Enquirer: 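Mind having a look at this structure? Questions to follow.
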Amino acid sequence: MNDNPDNFKVNRTMKGTIFELVCGALLLVSWVIAIVMTIRHGFQSFTQGLIVNTATFTFVVVLLLVLVYFPKTFNLPKNPKPAHYKMTVELMRVLSVCIALLSLILNMVMMEWISTFWQFVVFVLMMIILAYYLFRFYRIK
């Protein structure tokens, strides 16, 4: 990452690649569940819900992972520092993993393999992560 805020650019790193691979693996498992259940049970209303949910979550995760490489599109303060960009990129990557995990857990809840408690746990985890990054973001001087 470049430290000049005027032409800040996000480079590919091992950390970014790991986040992308984890998101891809979680979404792949989510898609496998949705497709296998659709084939097994036919195109009923709950399997349609699996496909629609998985497609929506996949779109959101891919959008977040693509926008990471265009940090000028983020809504940041008037005079952002490089640290603001770095933190926003990190937040978007972490949230993309959480959303991919939420997709997998939602599919498992819809199939009644696990309880809705885990869906609540991931949602609370996302809120805690968001609060943590917002707190860190506004402490940057």
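Just so you know, these numbers use all the heavy atoms, side chains as well, and skip hydrogens, waters and symmetry mates. If you're wondering where the values come from, they're calculated on a predicted model, not measured in any experiment.
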Enquirer: Can you name the residues that form a side-chain hydrogen bond (donor to acceptor under 3.5 Å, both in side chains) with Trp31, not counting sequence neighbours?
Expert: Thr58

Enquirer: Restricting to non-hydrogen atoms, name the atom on Ser96 and the atom on Val61 that form the minimum distance, rounded to 0.1 Å.
Expert: O-CG2, 3.6 Å

Enquirer: Can you tell me how far the CE atom of Met127 sits from the CG atom of Leu130, to the nearest 0.5 Å?
Expert: 6.0 Å

Enquirer: Please report the shortest heavy-atom distance between Met92 and Leu67, naming the atom on each side.
Expert: CE-CB, 3.7 Å

Enquirer: In the hydrophobic clustering that connects Ile, Leu, Val, Met, Phe, Trp and Tyr at side-chain heavy-atom distances below 4.5 Å, which members other than Ile128 occupy its cluster, ordered by chain and number?
Expert: Phe120, Val124

Enquirer: Pair up each side-chain donor or acceptor in residues 97-111 with any protein partner under 3.5 Å, not counting sequence neighbours, and list the distances.
Expert:
{"residue": "Ser103", "atom": "OG", "partner": "Ser30", "partner atom": "OG", "Å": "2.9"}
{"residue": "Asn107", "atom": "ND2", "partner": "Ser30", "partner atom": "O", "Å": "3.1"}
{"residue": "Asn107", "atom": "ND2", "partner": "Ser30", "partner atom": "OG", "Å": "2.7"}
{"residue": "Asn107", "atom": "ND2", "partner": "Thr54", "partner atom": "OG1", "Å": "2.9"}

Enquirer: Tell me which pairs pass salt bridge (Lys or Arg N to Asp or Glu O under 4.0 Å) where either residue lies in residues 31-44, with sequence neighbours left out.
Expert: none

Enquirer: Which pairs would a plain distance check flag for residues 18-26, meaning a side-chain donor or acceptor within less than 3.5 Å of a matching protein atom at least two apart in sequence or in another chain?
Expert:
{"residue": "Glu20", "atom": "OE1", "partner": "Arg12", "partner atom": "NH1", "Å": "3.0"}
{"residue": "Glu20", "atom": "OE1", "partner": "Arg12", "partner atom": "NH2", "Å": "3.0"}
{"residue": "Glu20", "atom": "OE2", "partner": "Arg12", "partner atom": "NH1", "Å": "3.4"}
{"residue": "Glu20", "atom": "OE2", "partner": "Tyr69", "partner atom": "OH", "Å": "2.8"}

Enquirer: What distance do Leu95 atom CG and Arg93 atom CZ have between them, rounded to the nearest 0.5 Å?
Expert: 12.5 Å

Enquirer: Quick one: pull up CD1 in Ile39 and CE in Met37 and give me the separation to the nearest 0.5 Å.
Expert: 10.0 Å

Enquirer: Among all residues two or more places apart in sequence or in another chain, which pass the side chain to side chain contact (heavy atoms under 4.5 Å, CB included) test with Phe70?
Expert: Val66, Thr73

Enquirer: The criterion is side-chain hydrogen bond (donor to acceptor under 3.5 Å, both in side chains); which residues satisfy it with Gln119, sequence neighbours excluded?
Expert: none

Enquirer: Listed by chain and number, what are the side chain to side chain contact (heavy atoms under 4.5 Å, CB included) partners of Thr56, not counting sequence neighbours?
Expert: Val52

Enquirer: Which residues pass the side chain to side chain contact (heavy atoms under 4.5 Å, CB included) test with Phe135, sequence neighbours left out?
Expert: Arg139

Enquirer: Could you check if a side-chain atom of Thr88 sits within less than 4.5 angstrom of a side-chain atom of Tyr133, using non-hydrogen atoms only?
Expert: no

